[in-house]
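Here is the structure we will look at.
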Number of protein chains: 2
Amino acid sequence: MGRIKRQGAGRPGGSTQNRDEILDAAERLFADAGYAATSLKDITAAAGVTQAMVNYYFGSKIKLFQQVYLRKGEALQQARLALLDELKERGGFDVSDVIRAYLVPAFQLQTTVAGRHYLRIQARMHTEPDALAYKLRQEVYDVPVRTYIAALAALLPDLEERVIFIRFTEVIGIYLYILSGAHRIEQISEARYMLPVNEDMIEEIVAFATAGLKR
Amino acid sequence: MGRIKRQGAGRPGGSTQNRDEILDAAERLFADAGYAATSLKDITAAAGVTQAMVNYYFGSKIKLFQQVYLRKGEALQQARLALLDELKERGGFDVSDVIRAYLVPAFQLQTTVAGRHYLRIQARMHTEPDALAYKLRQEVYDVPVRTYIAALAALLPDLEERVIFIRFTEVIGIYLYILSGAHRIEQISEARYMLPVNEDMIEEIVAFATAGLKR
DNA sequence: CCCTATATTAATTAAATGATCAATTAATAT
DNA sequence: ATATTAATTGATCATTTAATTAATATAGGG
C-alpha cells in the first residue's frame with residue numbers, strides 16, 4: 001500500500017501493472033466502504049500511483065467501478081453457466097444439484113481475499129442506487145438467472161415457472177446475505193455461534209433451498 | 001421540497017416541525033442514495049430549512065443518520081417482540097406462526113412510502129461499512145433475534161440451537177432481499193413475473209422458511 | 001415586563017473531491 | 001534516425017462538503 005515506485009515524470013522503463021493495481025486497490029476499498037465513500041485519492045494511494053492514472057486508464061471514477069464489478073462478475077456468471085452445462089451433459093441430476101451449481105462458484109470466491117472483497121461489492125450492488133447499479137447488475141445477472149429457472153422448471157413440472165421464479169429469488173436472498181459478511185452474523189449472537197465454512201454452508205443452503213423449493 | 005417558509009433570521013412565530021421534516025427528508029434521501037452519497041445540502045433543501053439546522057438539532061451528519069435509523073428501527077423490533085408475546089399468551093402456535101410474527105411488522109412498513117424508504121435503509125445497513133453500521137445494527141437486532149431463536153428452539157427440540165441460528169439467518173436473508181426492492185426483481189426477468197404483494201408474499205416466505213427449518 | 005432559553009438565518013471556513021492539463025520520458029513503428 | 005504513441009508525474013481547477021459562528025428574533029417562566 002502506497003509504496004513509492006519512481007520519482008520523475010515520463011514513461012517508466014520496462015512494463016508495469018499499474019492498471020491492474022488500480023483495479024485491485026479499488027476492489028478492496030469499494031468493498032470496505034462502498035462507492036461514494038471511497039475517494040480516488042484513497043485508491044491511487046493504495047495502488048501507489050498518482051490520481052491522474054485513474055482518468056488515464058478508466059476515464060472516470062464511475063467507469064473504474066464498472067470495470068471492477070465486471071471483471072469478476074462476468075467470470076462468476078460464466079462459471080455458473082458452465083457448471084449447469086456440465087450437469088446437463090452428465091444427466092441424472094436433480095433440484096439439489098442445480099442449486100449447488102449456482103452456489104459453488106460464489107463460495108469459491110470466498111476462499112481468496114480478493115474474492116471476498118468482490119463478494120462484498122456484489123452484495124452491496126443490490127442496495128446501491130439504481131443509477132449506479134441497475135444496468136450493470138442486469139447485464140451480469142439476467143441470462144444466468146433465466147437459464148437456471150428454466151433448468152429448475154424442467155425438473156419441477158408440477159410448478160408454474162412463475163412460482164419457481166419467486167422461490168429462486170428467495171434462494172438468491174439467502175446466499176447473498178450469508179456471503180455479504182459471515183463475520184457480522186457471528187457478532188449478532190456475540191460469537192456464540194459460527195456459521196459453517198464453505199462446503200458445509202453450501203450443503204446447508206442447498207438442503208434449505210431444496211426443501212423450500214420442492215415443498 | 002424546498003418550499004420557502006420565512007425570510008429573516010430569528011425564532012419564527014408559532015411552533016414548527018423542522019426537526020421531523022429533516023428526519024423525513026433524510027430518510028427518503030438516505031434510502032435513495034445511501035449515507036455517503038447524500039449531502040446535508042440535499043437534505044436541508046428537501047426539508048426547506050438551512051443547513052445549520054441539522055447541526056442544531058442533531059449535531060452532525062452521522063448523528064442524524066443514527067436518529068433516522070433508530071426512529072423506525074426500534075419501533076420495528078418492538079412490534080416483533082410484541083407479536084411473539086401475543087403468540088405465547090395465546091398458546092398453541094407452531095414454527096410457521098413464529099416466522100410470520102417476525103415478518104409481518106416489516107411487511108407492514110412496506111405499505112407506506114416512508115416505510116419503504118426505511119426498509120431500503122435497513123437493507124443497506126447490512127452492507128454498509130462496519131464503522132457506520134455495526135453498533136447500530138446490533139443495538140436494534142440483537143435482542144429480537146435471540147428471542148426468536150429461543151422461541152423456535154422450544155418448538156424444535158430435536159434441533160441444536162446452533163442449527164436453528166444458522167437457518168434463521170437464512171430466513172433473514174430471504175426477507176431482506178425481497179424487501180430491499182421488489183421493483184428490481186421484476187426488472188431482472190423483464191417484467192415477465194411479478195412478486196406477490198404483502199400477505200401473499202409473507203405466506204410464501206413463511207412456507208418456504210418453515211420447510212427449510214423443519215426439514 | 002424582563003430575562004433567558006430556544007429556534008432560526010446568512011455568511012463563512014477549511015478540507016476534500018473528481019477531473020484536467022502541460023510537461024516529460026520511454027517504447028514502438030516507419 | 002525520426003516521428004508517433006503510450007505511460008507517467010505534478011500541479012492546478014472549480015465544486016462540493018460538513019461544520020461553525022455571529023446575529024437575530026420569538027417563546028415562556030419569574
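Computed over heavy atoms, backbone and side chain alike; hydrogens, waters and symmetry mates excluded. Per chain, numbering begins at 1; letters A, B, ... match sequence-line order.
- For the salt bridge (Lys or Arg N to Asp or Glu O under 4.0 Å) test, residues two or more places apart in sequence or in another chain that qualify with B/R167 are A/E204.
- Residues from residues 51-66 of chain B lying near DNA chain C, meaning a heavy-atom separation below 4.0 Å, are B/A52, B/M53, B/Y56, B/Y57 in numerical order.
- Looking at residues two or more places apart in sequence or on another chain, you find a side chain to side chain contact (heavy atoms under 4.5 Å, CB included) between A/T147 and A/L81, A/L84, A/K88, A/V143.
- In terms of phosphate contacts, A/N18 brings a side-chain nitrogen or oxygen within less than 4.0 Å of OP1 or OP2 of D/dT8.
- Following rounding to the nearest Å, A/I43 (CD1) and C/dA16 (P) show an atom-to-atom distance of 17 Å.
- A sub-4.0 Å separation between OP1 or OP2 of D/dG10 and a side-chain N or O of A/T50 is absent.
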> For DNA chain D, what dot-bracket results from Watson-Crick or G-U pairs at under 3.5 Å, with [ ] for crossers and | for inter-strand partners?
Replying inline: ||||||||||||||||||||||||||||||

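- Partners of A/R71 by side chain to side chain contact (heavy atoms under 4.5 Å, CB included), not counting sequence neighbours, listed by chain and number: A/L23, A/D24, A/E27.
- Under the salt bridge (Lys or Arg N to Asp or Glu O under 4.0 Å) criterion, A/E203 pairs with A/R100, sequence neighbours left out.
- Every residue two or more places apart in sequence or in another chain was checked for a salt bridge (Lys or Arg N to Asp or Glu O under 4.0 Å) with A/D42, and none qualifies.
- Between B/F208 and A/F208, the ring planes are tilted. Angles from 30° to 60° get that label.
- Rounded to a whole Å, the CG atom of A/L40 is 20 Å from the P atom of D/dC13.
- Straight-line distance from the CG atom of B/D42 to the P atom of D/dT16: 11 Å, rounded to whole Å.
- Under the salt bridge (Lys or Arg N to Asp or Glu O under 4.0 Å) criterion, B/D32 pairs with B/R120, not counting sequence neighbours.
- For the OP1/OP2 pair of C/dA7 and a distance below 4.0 Å, the side-chain nitrogens and oxygens of B/T16 include no atom meeting the criterion.
- Scanning for side chain to side chain contact (heavy atoms under 4.5 Å, CB included) contacts around B/Q78 gives an empty result, with sequence neighbours left out.
- For the pairing with B/Y141, the side-chain hydrogen bond (donor to acceptor under 3.5 Å, both in side chains) check across B/Q122, B/Q77, B/R146 returns one residue only, B/Q122.
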Are there any protein N/O atoms within less than 3.5 Å of an N/O atom in nucleotides 26-30 of chain C, and if so, which ones and at what distance?
unit_1 : atom_1 : unit_2 : atom_2 : d
C/dA26 : O4'    : A/R11  : O      : 2.9
C/dA27 : OP1    : A/G14  : N      : 2.9

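- Rounded to an integer number of Å, the gap from NZ of A/K41 to C1' of D/dC13 is 17 Å.
- Scored by the ring-ring contact (aromatic ring centres under 6.0 Å, His included) test, B/F30 finds B/Y35, B/F65 as partners (sequence neighbours excluded).
- Residues passing the side chain to side chain contact (heavy atoms under 4.5 Å, CB included) test with A/K135 are A/E139, sequence neighbours excluded.
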